[in-house]
Each structure stands twice: as C-alpha cells, then as structure tokens.
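Predicted model, so just to flag it, every value in this text is computed and none were measured. Residue numbers start from 1 in every chain, and the chains themselves are labelled A, B, ... in the order their sequence lines are given, proteins ahead of strands. Basis for what follows: all heavy atoms, side chains included, without hydrogens, waters or symmetry-related copies.
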Amino acid sequence: MSHLQEIDWYNVVKGFLNLVFTGSYWVDFLNRVNRDADYGMEKPGAKGETVVIEYSSPNTNKPLHLGHIRNNLIGYSLSRIMAADGYKVIKTNIVNDRGIHICKSMLAWQKWGKGITPEKAGKKGDFLVGDFYVRFEKEYRLQVQEMINRGLSREEAEKNAPLLLEAQDMLRRWEAGDPEVIRIWKMMNQWVYDGFEVTYKALGVDFDKIYYESDTYKTGKQIVLDALEKGLVYKKEDGSVWADLREDGLDEKLLLRADGTAVYMTQDLGTATLRYQDYHFDRHIYVVGNEQNYHFQVLKIILKKLGYAWAGRLMHLSYGMVELPEGKMKSREGKVVDADDLIAGMIETAREMGEELGKLDALAAQEKDEVFRMIGLGALKYFILKIDPKKNIVFNPRESIDFNGNTGPFIQYTYARIRSVFRKGEERGVNVPEKLTDNYLPNDKETALVRLLARFPEVRKDAAASYSPALVANYAYEVAKAFNQFYHDYSILNEENAEARNLRLVMTRKTGEVLYHAMYLLGIEMPERM
RNA sequence: GGACCUGUAGCUUAAUUGGAUAGAGCACCUGACUACGGAUCAGGAGGUUGGGGGUUCGAGUCCCUCCAGGUUCACCA
C-alpha cells in the first residue's frame, strides 16, 4: 500500500478499506483534463453503432399536455445522453394521424364546425381540433344516455350510438381513400401539426425523421398478409387476422379487423420494419408510457415470430404517468395541464422573480426575455427530469415549481456565477494557467468538488446504460452545491497565493464546463448571467 | 382474477445496484456579506424506508406474504 504514491493514507473501519488519495493526485487529474473542453463527452458516432429513439408520438386530435412534456423531455435528453456515449442517434417521432380518434374530431367539425378554421377562431389549430374531440365526446355521451333511457343496456348503447357508427364509417371511408374525407383529414391534421410545431419549439425539442402512421400502417398490413401466406398467423371465420401468443404465456392478438382495417399493432409492425430498413439500427428505444408495457412486449414477440432477428434490439423505456391530485389526466373531459400554458406560466414566474431581484436591469428587454425563458424552462425541465423515469409523478398545479434548492435555476445560477468570475477575471487580465504544480494542494472543499468532477464520465455512462436522465440531473446538483460551498468560503480572483488561485481557476472553469454539459444532456440551456 | 410497476421525513425525492450513522431540497425555526453574484452559505427540528416474516457478516435494495395506490389484459390508439 505504501508504495502507491497516489494514496495518502488508508484505514479499515468495520471491514471497509478506506483509501485517501493524495492532494497531488487531484492536481494531476486537473492537469489531465484542463485543456479538454469536452471532458467526459464522447463524440457522437464514435462507437460505430446506431440507436433510433422514438419519443413524443402524439395523437392528432388534441393539444399536447404535461404527460407529453415528460415524454418529450425524457426522449430528447436520452438522445443527447446516447450521443454523448458515442452512439449515432436518430431522433424519431411517430405521428398517430389515423384512426378512430381523429375521425371523431373530423365528424364533430363537419356537424357543428360551420366551416371554422384556426384563423377565423383566432386559436391554435391543435386546440381547435381538441375542442371538436371534446364536443364529439359530449354529444356521444348524450346519445348513449338517451338510448339507455329508452331501455337499452349501457353496453349496447355505447356500441351502437349513431355518432360512433358514423365515426367508424368515416374511418372505413378514410382507409378506402374517399376524397372528401381525405380532404378534411389533411386540413385538420395540418392545423394540428402547425400547433404542435409551436409547442415543440417552445420546449426545445426536435426530430431527425418523422414517421406517419397513415404511411406505416400500409407496410404493417402487407407484413401481416405475407405472414398469413406463410402460415405464421391465421385468419378466423369472420375474416379477422390473429397471432397466437399462447405458447409465450400470452393470449391471441388481433392484427387486422374483420373488415380488413388495421389496428394499432399493425402500424407499429410496419413502423419498426421501415425504421430497420432505413437505419439498420443496433438498438431502438421506444420512449412510451408504462401503460403500453403489454403492447411492446407483444410487439417484440410478434416480430420475432415473423422472423425478424433484430426484434431483440427493441427496448421500451417505460416511464411513469403524470397524474393530477384528483387522478389521471383526461383529455376527453378537459382535465389536463396544457403544455403551452405550463411553459408560458413557468417563463412568467421566472420573469416575476427575476424582475424582483433586479439583477438584469442593465440588459436590453430582448436579452432579459431570453434569460427568463431559459430559467423558466430550466425549472420545468429539471423538475421533470430529476425524477427517475419509471416513477409516477403527481403534479399539483396549485403548488408552484421551485426555483431554489435542488432545481434547474440553482444550477443555472451557479453557472452564471462562474461565468461572472471569468468576465471579471478577463477585465483584470487574469488567465487560467496551462498547467498546475503541486506546490499548492487542494483543501477539503476543493477536494470535494474536484472528486465530483472526476466522476462525470462515469455518471454520464451510467445514465446511458440505465436510460436515466435523473442520474445526470442529481449529479449536476451535487456539483453545483459543492461549488457553492467552496465559493462561499474561498476567493478565486482575490486569492493572493498564486498557486492557490491557479488551482481554483482551473477547477472553476472545469466546473462550469461540466455543469454546462450535464445540463446540455438534459436539454437545459445555461444563461451567462441571471 | 392474471401480469407488470410503485410505496423512503408534512411535501418532492437520493442512496455508488447487497455495504459504513438512510443523504438532500421545499416548507418551518435560528444565524451569515463593505468580498469574485444572497436565486447563495451555515445550523436546528423532522425517519420503525407501507406491515410482518425470511436469506447472511450486513437488507431501503434480494425472496415469501399481507396492505395501499397505479397500469394493463379491446375488432381504442
């Protein structure tokens, strides 16, 4: 033990061997990483493997809500974490633009819309379409109740309400290519896309490739028909097509309806195979809520049954639901935390707090807006991402999201402080040294910070291996906290001992870089001042 | 009913994957700048890790069982 010069001393407590690194070990570490501005980050693609990450996956019949925000943030963060782990990453989205849900909105618009458009209504298109979805649901409920009053059972009524039959008929006409149905469908979907675009942009997420269910279901149908020909799946008397999963301990699974139309599973079979053709991925991660665990279990089994060797490369990152204190969010009943509102509200809160602190009064209005936007979004994103993805979140809209403590703004603030130090340093002509000597060895607070910095690559790797942005978020907090503790007790620029000042300069710059990158991995921007 | 997930301080949560006295933040109380930024820092109080068994040197973590909550088992997506 004594011949290892990196070890200062050791002791044994309750069967544990404690090794304490020497101060010069940490000086060496800082010298090793000093000039590497991308310390801890791999080059995207360096690994030579491709990972496709699907997230967002909205239905086109309503605006995005808080649940989608969690999905998007996890997916986007994960894409950056995987890229920083050396993967080539393809960010992708499947738009569920087809199906009975959109037909419901279309039908309601046809019946009661009087030709209204987002322009005429002065409303975002996704909200307008969502209104008609709610309207359909309301009228449908009325019809059902009326039928029950006339003596039908609830089940019969729900199944045979004229509005539902009309919507189902519309879906059949859509799949048959009826020009009028297609026209309305295209028009209303476009309204929704335009609305989504605004939300995605506000949230700061994007995609490399977007798939549309209205395309992929055709591939899916073809796959099922081919499998039918090969005898891998079978047809029942009524003409519906099924896969038998009973030897896998599951049930039978419908793949095509009796009328030949596709179901959800059909299009996902198509989407997966199209993506494999497009990217020959080594891994494919679906960021989808845990309510679809069964779906993805079945998807993998069916693909395997159909002979696709890459079925084993599909992973489902199953995250928990976001609920309200009164229970699950329900779009149909309008009980949701709307994404646009939440984002705007966070930015507004950041503005109020910022104006009150008054630190940015010297900045132009536009610059201030930009900072408040970063802080509001930083608070929201960090709040969501610091929680283990697989846990459910209960979000109480009446309790505001914190800006102090273990929060995004705390970390942003720490970064702004660091930037401020270097701005001041430049004014005074202080430079960060190329190399440190070990004439000055780090004190306790400095050592605590540096050893945290040394853990960054490992934390980043763990986050990639376990698909967990939360690890990065909590790590960033620890670093920021350790820095603030050090910063409170010691001077950097004002330190008179040049050796000590140099070590602090190197360490502080590295802290700034690590915080910046860690937050980058979460998709959170860092302001130069706040 | 079957399958899967979750349960840690009033609230939000962490725990190096089986390791040391379960660690933070919010809220509550008490303190700290003529300093490079107080959205900060220091301290106090707050825990039978849902209950009970078991596995072993050692369990918040693994196994069994019960309790509570959630999801799913659709010719919805």
Side-chain angles (χ1 to χ4, degrees), chain A residues 13-16 18 57-61 96 98-102 104 164 168 171 213 236 238-242 249-251 253-265 267-268 289-295 297-298 318-321 323 327-328 350 353-354 356-357 359 375 379 383 386-388 390-396 399-414 416-425 427-428 430 455 458-459 462 466 470-471 473-475 477-478 480-481 483-495 504 508 529-530:
Chain A
V13 180
K14 290 190 181 180
F16 286 84
N18 294 301
S57 314
N59 289 345
T60 56
N61 63 334
N96 299 312
R98 173 209 86 89
I100 193 74
H101 54 90
I102 181 67
K104 288 176 180 176
L164 184 66
Q168 285 168 342
L171 180 61
E213 191 184 312
K236 289 195 178 177
D238 64 359
S240 56
V241 179
W242 298 74
L250 303 172
D251 211 340
K253 184 75 189 176
L254 178 80
L255 298 179
L256 287 176
R257 293 191 184 98
D259 63 8
T261 56
V263 293
Y264 183 45
M265 184 58 72
Q267 65 84 22
D268 246 355
N290 60 17
E291 56 191 354
Q292 293 193 35
N293 286 355
Y294 182 72
H295 173 77
Q297 192 189 350
V298 170
S318 161
Y319 66 89
M321 298 287 97
E323 290 172 17
K328 213 181 160 188
M353 295 181 71
E356 198 177 319
L357 287 166
K359 294 180 179 182
I375 296 171
F383 175 81
K386 76 168 180 182
I387 298 170
D388 187 326
K390 65 175 184 290
K391 285 193 168 181
N392 286 357
I393 294 182
V394 177
F395 179 81
N396 190 340
E399 289 172 13
S400 53
I401 293 176
D402 278 321
F403 283 68
N404 301 317
N406 186 358
T407 66
F410 172 86
I411 297 164
Q412 290 171 317
Y413 171 75
T414 307
R417 274 180 143 181
I418 289 170
R419 297 302 304 148
S420 175
V421 168
F422 285 107
R423 274 196 302 275
K424 208 132 270 173
E427 283 171 24
R428 298 189 195 174
V430 178
R455 282 192 50 214
E458 166 201 339
V459 169
D462 283 353
S466 56
L471 295 180
N474 287 304
Y475 168 78
Y477 172 67
E478 282 186 59
K481 195 174 153 176
F483 179 82
N484 282 321
Q485 287 171 352
F486 149 77
Y487 183 85
H488 181 264
D489 289 357
Y490 301 99
S491 288
I492 301 167
L493 299 174
N494 297 331
E495 171 60 47
R504 288 173 191 168
T508 299
R529 56 190 93 215
M530 67 183 270

Peer 1: Can you see whether A/N96 engages A/H101 through a side-chain donor-acceptor pair at a distance of less than 3.5 angstrom?
Peer 2: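 Distance-only check fails for A/N96 and A/H101.
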Peer 1: Taking 4.0 Å as the cut-off, does a side-chain nitrogen or oxygen of A/Q267 come that near to OP1 or OP2 on B/A77?
Peer 2: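 So the side-chain polar atoms of A/Q267 never come under 4.0 Å of the phosphate oxygens OP1 or OP2 of B/A77.
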Peer 1: Glycosidic conformation of B/U6, syn or anti, with 90° from 0 as the boundary?
Peer 2: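 This nucleotide is in anti.
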Peer 1: Please determine whether a side-chain nitrogen or oxygen atom of A/S420 lies at a distance below 4.0 Å from atom OP1 or OP2 of B/G37.
Peer 2: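 For B/G37, OP1/OP2 do have a side-chain N/O of A/S420 under 4.0 Å.
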Peer 1: May I ask you to verify if any side-chain N or O of A/K390 is less than 4.0 angstrom from the OP1 or OP2 atom of B/C4?
Peer 2: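 Checking B/C4 against A/K390, no side-chain N or O comes under 4.0 Å of OP1 or OP2.
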Peer 1: Quick check: do A/N290 and A/K390 have side-chain heavy atoms less than 4.5 Å from each other?
Peer 2: no
Peer 1: Tell me whether the side-chain N/O atoms of A/N392 come closer than 4.0 Å to OP1 or OP2 in B/U6.
Peer 2: no
Peer 1: Look at A/R417 and B/G38 and indicate whether a side-chain polar atom (N or O) is within less than 4.0 Å of OP1 or OP2.
Peer 2: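 Indeed, a polar side-chain atom of A/R417 lies that close.
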Peer 1: When Watson-Crick pairs (N1 to N3 and N6-O4 or O6-N4) and G-U wobble pairs (N1-O2 and O6-N3) count only below 3.5 Å on both distances, what is the dot-bracket string of RNA chain B, with | for other-strand pairs?
Peer 2: (((((((..((((.....[...)))).(((((.......))))).....(((((..]....))))))))))))....
Peer 1: Work out how far the C1' atom of B/G25 is from that of B/G70, and round it to whole angstrom.
Peer 2: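 Here B/G25 and B/G70 have their C1' atoms 26 Å from each other.
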Peer 1: When you measure from the side chain of A/K391, which nucleotide among B/A24, B/G7, B/G38 comes out closest?
Peer 2: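 Shortest atom-to-atom distance from the side chain points to B/G7.
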Peer 1: Side chains of A/T261 and A/R257: any donor to acceptor distance under 3.5 Å?
Peer 2: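 A/T261 and A/R257 do have a side-chain donor-acceptor pair below 3.5 Å.
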Peer 1: Taking for each residue the nucleotide of RNA chain B with the nearest heavy atom, is it A/N406 or A/L357 whose nucleotide lies nearer the 5' end?
Peer 2: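 Here A/N406 is the residue nearer the 5' end.
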Peer 1: B/U40, OP1 or OP2 - any side-chain N/O from A/K481 closer than 4.0 Å?
Peer 2: no
Peer 1: Find out whether A/R428 and A/N494 are in side-chain contact, i.e. whether some heavy atom of one side chain is under 4.5 Å from a heavy atom of the other.
Peer 2: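 In short, these two side chains touch, coming nearer than 4.5 Å.
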Peer 1: Would one find a side-chain N or O of A/N290 under 4.0 angstrom from OP1 or OP2 of B/U72?
Peer 2: no
Peer 1: Quick check for you: among B/A14, B/U71, B/U13, whose closest atom lies nearest to any side-chain atom of A/I387?
Peer 2: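 So the nucleotide nearest the side chain must be B/U13.
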Peer 1: When you compare the side chains of A/T407 and A/D402, does any donor N or O come within less than 3.5 Å of an acceptor on the partner?
Peer 2: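 A/D402 and A/T407 do not have a side-chain donor-acceptor pair below 3.5 Å.
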Peer 1: Using the P atom as the reference point in each nucleotide, state the distance between B/A74 and B/C28 in Å, no decimals.
Peer 2: 50 Å
Peer 1: Does the side chain of A/R257 get closer than 4.0 angstrom to OP1 or OP2 of B/A74 through an N or O atom?
Peer 2: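 It does not, given that no N or O in the side chain of A/R257 lies less than 4.0 Å from OP1 or OP2 of B/A74.
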